[in-house]
Amino acid sequence: MNFRIESSDSQSKARAGIFTTAHGPISTPIFMPVGTAATVKAVHQRELAEDIDAPVILANTYHLYLRPGMEVLQAAGGVHRFMNWNRNILTDSGGYQVFSMAANRKLTPEGAWFSSHIDGSRHLFSPEIVVEIQRLIGSDLTMAFDECTPYPCDEKYARESMELTHSWLLRGIEHFRNTAPLYGFDQYFLPIVQGSVNRDLRKRSASFIAEQGMPANAIGGLSVGEPEELMYEMIEVVNDILPTNKPRYLMGVGTPVNILEAISRGVDMFDCVMPTRNGRNGMLFTRNGILNMKNEKWKFDFSPIDPDGSSYVDKYYSKAYLRHLIISGERLGAQIASIHNLAFYLWLMREARNHLLKGDFTEWKTKILPALTSRL
RNA sequence: GGGGAGAUACCAAAGUGGCCAACUGGGGCAGACUGUAAAUCUGUUGGCUGACGCCUUCGGAGGUUCGAAUCCUCCUCUCCCCA
């Protein structure tokens with residue numbers, strides 16, 4: 001995938017780069033919209049490409065495995081053809097579901113036993129099985145199977161969880177090397193750093209992950225409830241060890257501020273459900289601040305949703321109209337809010353990148369940060 | 001004209017002597033949401049107070065009682081059936 005760093009910030013660890021897979025170039029820093037079930041909820045692929053201009057989206061191994069199932073995805077010729085998305089796709093491995101559906105699973109050295117949230121049926125996810133499934137899905141970027149360590153947890157649990165993830169990683173890499181892509185293009189395998197909020201564990205994990213020599217590296221187990229300062233601290237610890245010449249992917253993060261702070265600490269790739277889920281629930285992110293579209297104050301506000309927004313929906317519809325749609329539970333409200341938020345996130349990444357190339361990233365970041373957290 | 005039922009907070013609807021400032025649902029208002037079991041969840045919804053608490057409320061007026069949304073009298077209004 002040949003990551004090329006185009007510019008590095010002089011006042012921080014931030015950098016702008018680019019790498020390419022069979023499904024096109026990805027300029028970093030980048031935000032990847034989450035499309036768990038082979039759909040970014042409430043957003044058309046056409047809007048993702050043409051309006052939001054996302055070069056890569058996420059899908060989820062666990063969800064696609066359960067529904068529609070591997071027979072369908074294989075018969076379709078992989079997930080790109082299935083959903084008619086010919087840009088990049090990254091699949092999460094199901095590691096997050098190990099964490100979020102803890103009540104329905106059992107961890108063993110072999111792997112994780114799940115109860116399907118759809119019909120209750122039992123399934124085993126092992127590092128090998130998860131590689132197989134991601135081969136069948138045909139994602140460009142495939143994730144190692146890990147345990148996303150819960151927070152808070154004691155040192156012993158964090159250590160054992162990390163060691164389990166490491167042992168799973170070795171098996172996953174071996175199986176990845178012993179299998180081939182099914183649809184005629186290369187796939188890449190990303191290992192994941194764990195270690196909870198423990199500096200020593202994070203260092204050990206980052207070293208272990210770096211040694212594997214994978215084309216890109218991920219940081220997991222953060223933004224799971226820990227204080228933001230701890231998250232930033234762990235990112236710093238880990239990024240001091242992960243190779244600088246490969247993309248770094250911070251999984252599941254986050255707010256616009258989280259992302260800018262992580263970029264300045266050397267992270268290149270992000271994903272988060274926040275722009276879509278919070279959008280559906282009426283929360284809009286803009287360069288001027290956050291607004292809750294459900295609030296009464298927009299009831300008679302017929303001004304554009306976001307006069308400074310980069311998406312067509314921003315000037316096409318008014319705040320009062322969007323408020324009405326969201327309060328009424330109308331689907332168009334979720335669509336407009338999701339398009340707006342994703343367009344904003346992608347705009348923010350392009351903007352960060354432009355300032356990195358221009359050489360004034362830190363000044364720009366310092367200036368824009370207060371506005372991003374203010375409430376409108 | 002005769003007979004019957006009913007009026008409770010924004011709406012609907014429980015409650016039929018003290019555990020009632022009043023169940024529950026809707027609506028309203030506010031909040032949460034970070035590798036999506038989420039178009040979901042939580043709080044709040046008479047007034048004053050930080051809290052204990054106090055004050056005013058169950059169509060209207062009066063009465064019984066230590067105590068009334070609940071019992072009695074009259075009044076006003078609504079709905080249903082028969083003629």
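For the residue pair A:Asp92 / A:Tyr62, no side-chain donor-acceptor distance below 3.5 Å is found, with atom types taken as modelled. Remark: the A:Asn288 side chain and the A:Asp308 side chain contain an N/O donor-acceptor pair separated by less than 3.5 Å.
Base engagement by A:Asn258 is indicated by at least one non-hydrogen atom pair under 4.0 Å involving a base atom. Among the protein residues, A:Gln194 comes within range of the nucleic acid bases, having at least one heavy atom under 4.0 Å from a base atom. Across all strands, A:Gln97 comes closer than 4.0 Å only to sugar-phosphate atoms, never to a base (heavy-atom distances). Looking at heavy-atom distances under 4.0 Å, A:Glu228 makes contact with a base. Among the protein residues, A:Ser116 comes within range of no part of the nucleic acid, since none of its heavy atoms lies under 4.0 Å from any strand. Across all strands shown, A:Asp146 has heavy atoms under 4.0 Å from base atoms, whether or not it also approaches the sugar-phosphate. As judged by a 4.0 angstrom heavy-atom cut-off over every strand, A:Arg375 is placed among residues touching the sugar-phosphate backbone only. Counting any heavy atom pair closer than 4.0 Å across all strands shown, A:Asn104 reaches a base atom. Note on A:Leu58: only backbone sugar-phosphate atoms sit closer than 4.0 angstrom, heavy atoms only; bases stay farther off. Counting non-hydrogen atoms under 4.0 angstrom, A:Asp271 reaches the backbone sugars and phosphates but no base. If you check every strand for non-hydrogen atoms under 4.0 Å, A:Leu66 touches nothing. Here A:Gly35 lies out of heavy-atom contact (under 4.0 Å) with every strand.
As the counterpart of B:rA13, no nucleotide is assigned, since no Watson-Crick or G-U wobble pattern has both distances under 3.5 Å. For B:rG1, the paired nucleotide is B:rC82, the pair qualifying as Watson-Crick or G-U wobble because both relevant distances are below 3.5 Å. Across the strands present, B:rG50 finds no partner; the criterion is a Watson-Crick or G-U wobble pair with both atom distances under 3.5 angstrom. Pair check for B:rU36 finds none; no Watson-Crick or G-U wobble contact set falls under 3.5 Å. In this structure B:rA30 sits in a base pair with B:rU42, meeting the Watson-Crick or G-U test at under 3.5 Å. In this structure B:rC20 sits in no base pair that meets the Watson-Crick or G-U test at under 3.5 Å. Taking a pair to require two hydrogen-bonding distances under 3.5 Å in either a Watson-Crick or a G-U wobble arrangement, B:rG62 pairs with B:rC72. In a base pair of the Watson-Crick type (N1 to N3 plus N6-O4 or O6-N4) or a G-U wobble (N1-O2 and O6-N3), with each distance short of 3.5 Å, B:rG6 is matched with B:rC77.
One C1' atom belongs to B:rU64, the other to B:rU73, and the distance between them is 11 Å to the nearest Å. Rounded to whole Å, the P atom of B:rU70 lies 15 Å from the corresponding atom of B:rG63. Nucleotides B:rC23 and B:rU16, compared at atom C1', are 14 Å apart to the nearest Å. With P as the reference atom, B:rA5 and B:rC74 are 16 Å apart, rounded to whole Å. Comparing the P positions of B:rG47 and B:rU56 gives a spacing of 16 Å, expressed to the nearest Å. Comparing the P positions of B:rA39 and B:rU44 gives an interatomic distance of 25 Å, to the nearest angstrom. For B:rG53 and B:rC20, the P atoms lie 14 Å apart once the distance is rounded to whole Å. The same atom, P, is picked in B:rC54 and in B:rA21; the two are 10 Å apart, to the nearest Å.
The residue among A:Arg331 and A:Met231 whose nearest nucleotide of RNA chain B is located toward the 5' end is A:Met231. Toward the 5′ end of RNA chain B lies the nearest nucleotide of A:Val224, the other residue of the pair A:Gly329 and A:Val224 mapping further downstream.
Taking the six-membered ring for Trp and thresholds of 30 and 60 degrees, A:Phe125 and A:Phe114 have ring planes more than 60 degrees apart, a perpendicular arrangement. Using cut-offs of 30° and 60° for the angle between ring planes, the A:Phe344 and A:Phe285 rings count as parallel. Using cut-offs of 30° and 60° on the angle between ring planes, the pair A:Tyr96 and A:Phe99 is tilted.
Electrostatic pairing of A:Asp154 and A:Lys156 does not count as a salt bridge here, judged by no charged N lying under 4.0 Å from a carboxylate O. Checked for salt-bridge contact, A:Lys367 and A:Glu363 miss the test: no charged N lies under 4.0 Å from a carboxylate O. Salt bridge status for A:Arg87 with A:Asp53: present, with a side-chain N to carboxylate O gap under 4.0 Å. In this structure, A:Lys246 does not pair ionically with A:Asp268, as no charged nitrogen and carboxylate oxygen lie closer than 4.0 Å.
First and last contacting nucleotides of RNA chain B toward chain A (any atom under 4.0 angstrom from a heavy atom, 5' to 3' order): B:rG28 to B:rU40.
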